[in-house]
Amino acid sequence: MNESVQNLAVKPFPSPTVAEERAAELHRSAGAWRRHRLITLAERNAIRQSVIDPWRHYDLAVSVVFFFLTGLGVTALFGLCELLHFPKGAVTAILSIGAAELLIRRARFFGTGIESGLWLGGLLAIIFDLPSSGRPEALLVFAAAFGIAGLRVRNALMGTVAVILVVAYAAVKTHAEWPPLLVGISVAIAAAIALQRVWQRPSSEHWFAALVLVMPTAGYVAGYFSGAASQRVVALDSSWAVTAMLLLTAVLLMGMSVRSRDRILLIAGSLVIGLLIFENRNRFPWSVEAKCIAGGLVLAAIGVAISRLLAARTDGFVVTAVEAGSYEELAQMGGALLVVAHPAHAGSQTDAEPTGGGGGFGGGGASGDY
């Protein structure tokens with residue numbers, strides 16, 4: 001507690017110490033363990049009482065709501081300054097960032113969404129007050145705003161958005177497919193290498209995890225909607241260079257995930273494999289049904305191979321047989337109900353009763369009744 005008071009008194013921009021940040025992460029983990037019934041309510045309360053967290057923060061959903069509400073307030077302040085003919089950018093930035101620092105220093109807000117919205121809103125107010133020239137470099141200015149705000153409030157999402165804007169700048173500036181993909185893959189590989197070590201601050205680890213998950217997809221999407229890629233998509237073609245880059249990235253991420261036993265890298269590698277499949281979806285002139293069947297067979301073979309490989313493992317990535325849960329039973333019941341409700345799709349149409357035709361008087365429909 002003395003270290004926290006000294007932190008507030010000495011630092012011009014106070015923030016949680018390493019111990020306080022880890023305490024907040026332990027509090028959040030204890031709540032998640034309780035929701036999943038891994039610990040009892042008494043054990044969760046004991047954990048929170050044994051580790052003191054002096055900062056005020058909220059869950060992700062509540063923080064997002066407060067962030068957007070704060071953004072609306074900053075936008076209203078920006079509009080009011082314009083109506084009063086005040087220097088809207090400077091006044092909004094001074095009041096917003098000043099209020100954020102006051103809440104951090106006095107009320108110990110850090111992770112509530114309010115201080116994040118104030119910091120980002122103040123920086124964006126300065127940018128929107130600048131004369132616009134429509135140049136692609138404006139994306140770098142927005143990236144700097146998100147990066148500065150994310151670094152100040154140690155928000156992994158803001159830091160990730162900053163890097164995404166850099167990728168978007170590479171796509172807009174070059175109008176080519178490989179530059180944004182190369183930037184996204186390079187950032188993801190660098191973040192994966194950073195995750196090979198243990199970071200003292202959970203916020204740093206969260207940022208690297210977000211980068212390795214998001215950046216390959218961001219780079220691919222930015223390149224996909226570039227000018228050169230749109231022409232290639234119309235021709236239903238596939239780039240061997242993009243395929244090679246995605247394949248190399250998937251192999252590296254999967255290899256590092258197995259080496260470090262990291263689920264985040266495993267998920268990131270799986271996402272890159274999905275991008276690789278999407279990129280080469282038109283390379284084989286097969287029907288959609290044939291592609292689905294082939295994909296299912298490949299996934300089944302991979303599942304059997306992984307199950308046999310990990311059957312005897314007791315540490316790291318393991319495979320444990322589990323009983324069928326309620327969701328599997330509901331799926332089977334749903335399939336049976338569909339068959340009962342639509343028997344025509346389950347059986348042959350030859351068993352249906354013949355329907356009569358013709359008119360009521362004689363034949364040929366003379367009466368007009370069909």
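No hydrogens, no waters, no symmetry mates; every other heavy atom, side chains included, goes into these values.
Environment of CZ in Arg37: sparse, with no more than 12 heavy atoms of neighbouring residues, nucleotides or ligands closer than 6.0 Å. By the 6.0 Å contact criterion, CZ on Phe278 is enclosed, its count of non-hydrogen atoms from other residues, nucleotides or ligands being greater than 12.
Separation of atoms OG (Ser116) and CE (Met158) is listed at 4.5 Å; rounding is to 0.5 Å. Annotation: the span from Ile104 atom CD1 to Arg56 atom CZ amounts to 13.0 Å, rounded to 0.5 Å. Taken to the nearest 0.5 Å, the CG atom of Leu247 stands 9.5 Å off from the CG atom of Asn280. The CD atom of Gln49 sits 10.0 Å away from the CD1 atom of Ile52 when rounded to the nearest 0.5 Å. Note that CZ of Arg105 is 12.0 Å distant from CG of Leu103, once rounded to the nearest 0.5 Å. Between atom OG1 of residue Thr160 and atom CG of residue Leu211 there is a gap of 4.5 Å, rounded to the nearest 0.5 Å.
Side-chain contact between Phe110 and Ser15: present, with at least one pair of heavy atoms (C-beta onward) separated by less than 4.5 Å. Between Leu271 and Pro216 there is no side-chain heavy-atom pair separated by less than 4.5 Å. The shortest distance between side-chain heavy atoms of Met215 and Ile185 does not fall below 4.5 Å. At a threshold of 4.5 Å between non-hydrogen side-chain atoms, the residues Val51 and Arg22 do not count as touching. Counting only heavy atoms from C-beta outward, the side chains of Leu253 and Ile189 approach each other to under 4.5 Å. Counting heavy atoms from C-beta outward, Ile193 and Met256 have side chains that approach closer than 4.5 Å. Considering only heavy atoms from C-beta on, Met245 stays 4.5 Å or farther from Leu276 through its side chain.
One side chain, Glu279 or Tyr220, offers a donor N or O that lies under 3.5 Å from an acceptor on the other.
Every side chain to side chain donor-acceptor pair (under 3.5 Å) that Thr112 has, sequence neighbours left out, goes to Glu115. By the side chain to side chain contact (heavy atoms under 4.5 Å, CB included) test, Leu38 is found to be paired with Trp33, His36, residues two or more places apart in sequence or in another chain being considered. For Asp53, the side chain to side chain donor-acceptor pair (under 3.5 Å) partners at least two apart in sequence or on another chain are His57. Residues passing the side chain to side chain donor-acceptor pair (under 3.5 Å) test with Arg28, sequence neighbours excluded: Glu25. Ser186 meets the side chain to side chain contact (heavy atoms under 4.5 Å, CB included) test with Leu182; sequence neighbours excluded. Not counting sequence neighbours, the partners of Glu82 by the salt bridge (Lys or Arg N to Asp or Glu O under 4.0 Å) test are Lys88. With sequence neighbours left out, the side chain to side chain contact (heavy atoms under 4.5 Å, CB included) criterion links Ala156 to His206, Trp207. Scored by the side chain to side chain donor-acceptor pair (under 3.5 Å) test, Arg201 finds Glu21 as partners (sequence neighbours excluded). Qualifying side chain to side chain contact (heavy atoms under 4.5 Å, CB included) partners for Leu41, counting only residues two or more places apart in sequence or in other chains: Arg34, Arg44, Asn45.
Ring centers of Phe109 and Trp55: at least 6.0 Å apart, outside the cut-off.
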Would you please test Ile97 and Leu118 for side-chain contact (heavy atoms from CB on, under 4.5 Å) and show each step?
-> CA-CA 6 Å; Ile97 297 177; Leu118 289 172; over 6 Å; no
Stepwise side chain to side chain donor-acceptor pair (under 3.5 Å) test for Ser257 and Arg263 = CA-CA 7 Å; Ser257 70; Arg263 290 188 304 168; over 6 Å; no
Chi angles and distances behind the side-chain contact (heavy atoms from CB on, under 4.5 Å) call for Asp129, Ile126 | CA-CA 5 Å; Asp129 195 26; Ile126 297 177; 5.9 Å; no
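Within the 3.5 Å criterion, the main-chain N or O of Gly89 finds no donor-acceptor partner in the side chain of Thr92. When atom types are taken as modelled, the side chain of Glu43 and the backbone of Thr40 share a donor-acceptor pair closer than 3.5 angstrom. Judged by distance alone, with hydrogens and angles left aside, the side-chain atoms of Ser63 form a donor-acceptor pair with the main-chain N or O of Gly111 at under 3.5 Å. When atom types are taken as modelled, the side chain of Asp59 and the backbone of Ala61 share no donor-acceptor pair closer than 3.5 angstrom.
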Output a table of donor-acceptor pairs, distance under 3.5 Å, between side-chain atoms of residues 136-153 and any protein atom two or more places apart or on a different chain; print 'none' if there are none.
unit_1 : atom_1 : unit_2 : atom_2 : d
Glu137 : OE2    : Tyr169 : OH     : 3.2
Glu137 : OE2    : Lys173 : NZ     : 3.1
Arg152 : NE     : Glu101 : OE2    : 2.9
Arg152 : NH1    : Pro14  : O      : 3.2
Arg152 : NH2    : Pro14  : O      : 2.8
Arg152 : NH2    : Glu101 : OE1    : 3.0
Arg152 : NH2    : Glu101 : OE2    : 3.4

N/O donor to acceptor pairs below 3.5 angstrom from side-chain atoms of residues 65-80, sequence neighbours left out:
unit_1 : atom_1 : unit_2 : atom_2 : d
Thr70  : OG1    : Phe66  : O      : 2.6
Thr75  : OG1    : Gly71  : O      : 2.8

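Each salt bridge (charged side-chain N to carboxylate O under 4.0 Å, His left out) pair with one or both residues in residues 116-126, not counting sequence neighbours, would appear here, but there are none.
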